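The analysis underlying the following values was restricted to heavy atoms, covering all of them including side chains, and did not include hydrogens, waters or symmetry mates. The model shown is predicted, which means the values in this text are computed figures rather than measured ones.
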Amino acid sequence: MEKTPAPAPKQPEISPLDWVGDPEQCPKYVGFPTRNGLPANLIWSGEGEVPAIGAQVHIYMNSFGPAVVKAYFHADGYLGVLCTPEGLPDWFQRQSPGVTLVHIFGRELEPYCPKPAPTAVAAAPAPENEQQQLAQWSDTIDRAHEANGNNPAINDPGDWIPEYPE
């Protein structure tokens with residue numbers, strides 16, 4: 001049995017011109033030299049400003065390191081930059097031979113800083129009539145048991161439909 005080789009990765013495309021026509025029809029993931037032809041209201045996911053073409057940036061995602069911004073692109077409402085890293089990680093070179101440009105979103109240009117865990121909210125004090133509530137729940141359960149004739153087979157775990165084999 002012969003194994004079909006995987007197709008070689010394709011180098012990201014940079015269009016020499018702004019998208020002409022309807023910006024909403026602007027193709028995703030294609031690089032553009034300016035933001036003029038891109039759809040309006042794109043979201044930059046980074047905290048800082050959108051870097052200019054030619055700017056030196058640091059790609060923290062997957063430890064790509066220093067890079068130069070070559071173009072802008074958009075995908076699913078977000079603005080991103082096409083970058084040429086100074087050095088590509090070995091895993092990336094094996095995974096995408098011949099590819100030298102990477103699509104990067106704003107958040108990937110920032111070091112990972114986990115958000116602090118939400119502080120635990122103190123439990124509300126038990127109501128003064130907790131015993132009374134427990135008694136009401138117990139009575140309700142007892143009435144439900146009587147309504148089904150105190151049949152222990154109702155709601156028995158064995159009543160559940162068994163898992164079907166895959």
Find out if a path of hydrophobic residues (ILVMFWY) with successive side-chain heavy-atom gaps under 4.5 Å connects [X] to [Y].
X: Leu82; Y: Leu109; answer: no
X: Tyr72; Y: Met61; answer: yes
X: Tyr29; Y: Tyr78; answer: yes
X: Val30; Y: Leu79; answer: yes
X: Tyr60; Y: Val81; answer: no

Note to self: On a heavy-atom basis, which atom in Val99 and which in Gln11 lie closest, and how many Å separate them?
What the structure shows: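 Smallest interatomic distance, heavy atoms only, reads CA-OE1, 3.0 Å.
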Item checked: Reported CG-to-NZ distance for the pair Leu38 and Lys28, which is rounded to 0.5 angstrom ->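 Going from CG on Leu38 over to NZ on Lys28, the span is 13.5 Å.
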Check: Are the side chain of His103 and the backbone of Gly80 linked by a donor-acceptor contact shorter than 3.5 Å?
Finding: no
Give the table of side-chain donor-acceptor pairs shorter than 3.5 Å for residues 83-91, with sequence neighbours excluded, one pair per line with atom names and distance.
none

Check: Do Val102 and Phe92 have side-chain heavy atoms sitting under 4.5 Å apart?
Finding: yes
Next item on the list: Answer whether the closest heavy-atom distance between the side chains of Phe73 and Phe105 falls below 4.5 Å.
Entry: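 Result yes, sub-4.5 Å side-chain heavy-atom pair found.
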List the atom pairs, donor and acceptor, that lie under 3.5 Å between side-chain atoms in residues 42-59 and the rest of the protein, sequence neighbours left out.
from: Trp44; atom 1: NE1; to: Gly48; atom 2: O; distance (Å): 3.3
from: Ser45; atom 1: OG; to: Gly106; atom 2: N; distance (Å): 3.2
from: Ser45; atom 1: OG; to: Arg107; atom 2: N; distance (Å): 2.9

